[in-house]
Amino acid sequence: MSDAETTRRDQPAPERRQANVRQAVLAAAEALFAAHGFNAVSIRDIAAASGAHPGSVTYHFTNKMNLLREIYRRHCGPMNARRLELLREALRIKAKQDRLQAILRAYIVPAFSSSTDQPGGGAQFTRLRAALSAEGSEETRGIIAEAFDDTTRQFLDAIHETLPELTRGEVVWRSQFLLGSLYYTLINPERVTRLSDGEVDGSDMDAAIDQLVAAMMWGLMGPAPRDDGSGGSRT
């Protein structure tokens, strides 16, 4: 039994009920935001899906934005802690290519933690993040930045130190492609299975991580585009 479960068991019954309501609201809100986006979901929708009264939702979280912030905090705190733990281990590796591989794995692996392992990542939270990015709200962008930017900058620094031949801007661009690949791999694994005619299983997490790391290794280590003098660039 986890420490959290033990704590809830030892709480007085009214406090346990409140904790259960809070958890139900968070779970319902995350599922609804992932499926429909943030703007299309109301407090009443969340209350209905969680079996709570709308007043209970506002009692615990005041508004939707605070509810979203708490969802991010629950997921991203453990995810970022694990990423930084693995990053520290990666930075002790001397060989450049081995260190870069370990840095990429440090970023990718924690994102594949199952949503049921709460908290730590998984496809549903990734779908939520993708939906928020598509909506482009200034407030939600602030929550995303608050949750990820500090940790991401540490990874950018580590990659740049490992590949000093790249400019900082090139590291940012190529790392952005890593993020897009990670998003899509998490939220649409069935496409891999379908397009390979079943030769590979898109839901095989170990295989997905290995393929992502391999693709991004060469993406990061490849030559920079060269300006051809026409305002564009070529390799």
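Computed from a predicted structure; not experimentally measured.
Placement of Phe112 and Met217 within a single hydrophobic cluster is found when ILVMFWY residues are connected by side-chain heavy-atom separations under 4.5 Å, directly or transitively. Ile43 is connected to Val41 through a chain of hydrophobic side-chain contacts under 4.5 Å among Ile, Leu, Val, Met, Phe, Trp and Tyr, so both are in one cluster. Criterion: ILVMFWY side-chain heavy atoms under 4.5 Å apart, direct or through other members. Under it, Val192 and Met205 are not part of a common hydrophobic cluster. Ile108 is connected to Tyr183 through a chain of hydrophobic side-chain contacts under 4.5 Å among Ile, Leu, Val, Met, Phe, Trp and Tyr, so both are in one cluster. Under a hydrophobic clustering in which Ile, Leu, Val, Met, Phe, Trp and Tyr are joined whenever their side-chain heavy atoms come within less than 4.5 Å, directly or via other members, Leu86 and Ile159 fall into different clusters.
His75 and Phe125 have parallel rings, their planes meeting at less than 30° on a 0 to 90° scale where 60° marks the start of perpendicular.
Minimum heavy-atom separation, Lys64 to Phe38: NZ-O, 2.7 Å. Minimum heavy-atom separation, Ala208 to Thr185: CB-CG2, 3.9 Å. The two residues Gly222 and Arg174 come nearest to each other via the heavy atoms O-NH1, 2.7 Å. The shortest heavy-atom contact between Ala111 and Arg83 is CB-NH2, 3.7 Å. Here the shortest heavy-atom pairing between Pro189 and Ser203 reads CB-N, 3.9 Å. In plain terms, the two heavy atoms of Asn66 and Thr62 that are nearest each other are ND2-CB, 3.7 Å.
The CD atom of Glu85 sits 5.5 Å away from the CD atom of Glu89 when rounded to the nearest 0.5 Å. Considering OG1 of Thr162 and CD of Gln97, their distance stands at 11.5 Å, rounded to 0.5 Å. To the nearest 0.5 Å, the span separating CD on Glu146 from CZ on Arg73 amounts to 11.0 Å. To the nearest 0.5 Å, the span separating CE on Met65 from CD1 on Ile143 amounts to 5.0 Å. Remark: Ile71 CD1 to Leu67 CG distance equals 4.5 Å, nearest 0.5 Å. Note that OG1 of Thr140 is 13.0 Å distant from CZ of Arg129, once rounded to the nearest 0.5 Å.
Under the 4.5 Å side-chain criterion, counting only non-hydrogen atoms from C-beta, Leu156 is in contact with Arg168. The shortest side-chain heavy-atom distance between Leu128 and Gln124 does not fall under the 4.5 Å cut-off. The shortest distance between side-chain heavy atoms of Val25 and His60 does not fall below 4.5 Å. Counting heavy atoms from C-beta on, the side chains of Leu132 and Phe33 never come closer than 4.5 Å. Between Lys96 and Leu163, the closest side-chain pair of non-hydrogen atoms falls below 4.5 Å. Between Tyr107 and Leu179 there is a side-chain heavy-atom pair separated by less than 4.5 Å. In this structure, Ile93 and Gln101 have side chains that are not in contact, with every pair of non-hydrogen atoms separated by 4.5 Å or more.
Using modelled atom types, one side-chain atom of His160 and one backbone atom of Leu166 make a donor-acceptor pair closer than 3.5 Å. Side-chain atoms of Asn80 come within 3.5 Å of backbone atoms of Cys76 as a donor-acceptor pair (strictly under, hydrogens ignored). Under the 3.5 Å distance criterion, the side-chain polar atoms of Thr193 are matched with a main-chain donor or acceptor of Gly202. Not one N or O on the side chain of Gln154 forms a donor-acceptor pair closer than 3.5 Å with the backbone of Leu84.
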Q. Can you check side-chain contact (heavy atoms from CB on, under 4.5 Å) on Ile46 and Glu30, steps first, answer last?
A. CA-CA 9 Å; Ile46 296 167; Glu30 181 176 333; over 6 Å; no
Q.
Let's go through Phe61 and Arg22 carefully: what are the C-alpha distance in whole Å and the side-chain angles of both, what is the deciding distance for side-chain contact (heavy atoms from CB on, under 4.5 Å) to 0.1 Å, and is it a yes or a no?
A. CA-CA 9 Å; Phe61 300 101; Arg22 182 181 175 86; 3.6 Å; yes
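Summarising the local packing, CD of Glu70 is surrounded by more than 12 heavy atoms from other residues, nucleotides or ligands at distances under 6.0 Å. Within a 6.0 Å sphere centred on CD of Glu190, other residues, nucleotides and ligands contribute more than 12 heavy atoms. More than 12 heavy atoms of other residues, nucleotides or ligands lie within 6.0 Å of CG in Asn188, so this atom counts as buried by the packing criterion. At most 12 non-hydrogen atoms from other residues, nucleotides or ligands lie less than 6.0 angstrom from CD of Gln176.
In this view, Glu138 and Arg141 satisfy the side-chain hydrogen bond (donor to acceptor under 3.5 Å, both in side chains) rule, not counting sequence neighbours. By the side-chain contact (heavy atoms from CB on, under 4.5 Å) test, Leu91 pairs with Leu87, Arg99, Ile103, Ala158, sequence neighbours left out.
Checking Asp45 against Ser42 by side-chain atom types alone, a donor-acceptor pair falls below 3.5 Å.
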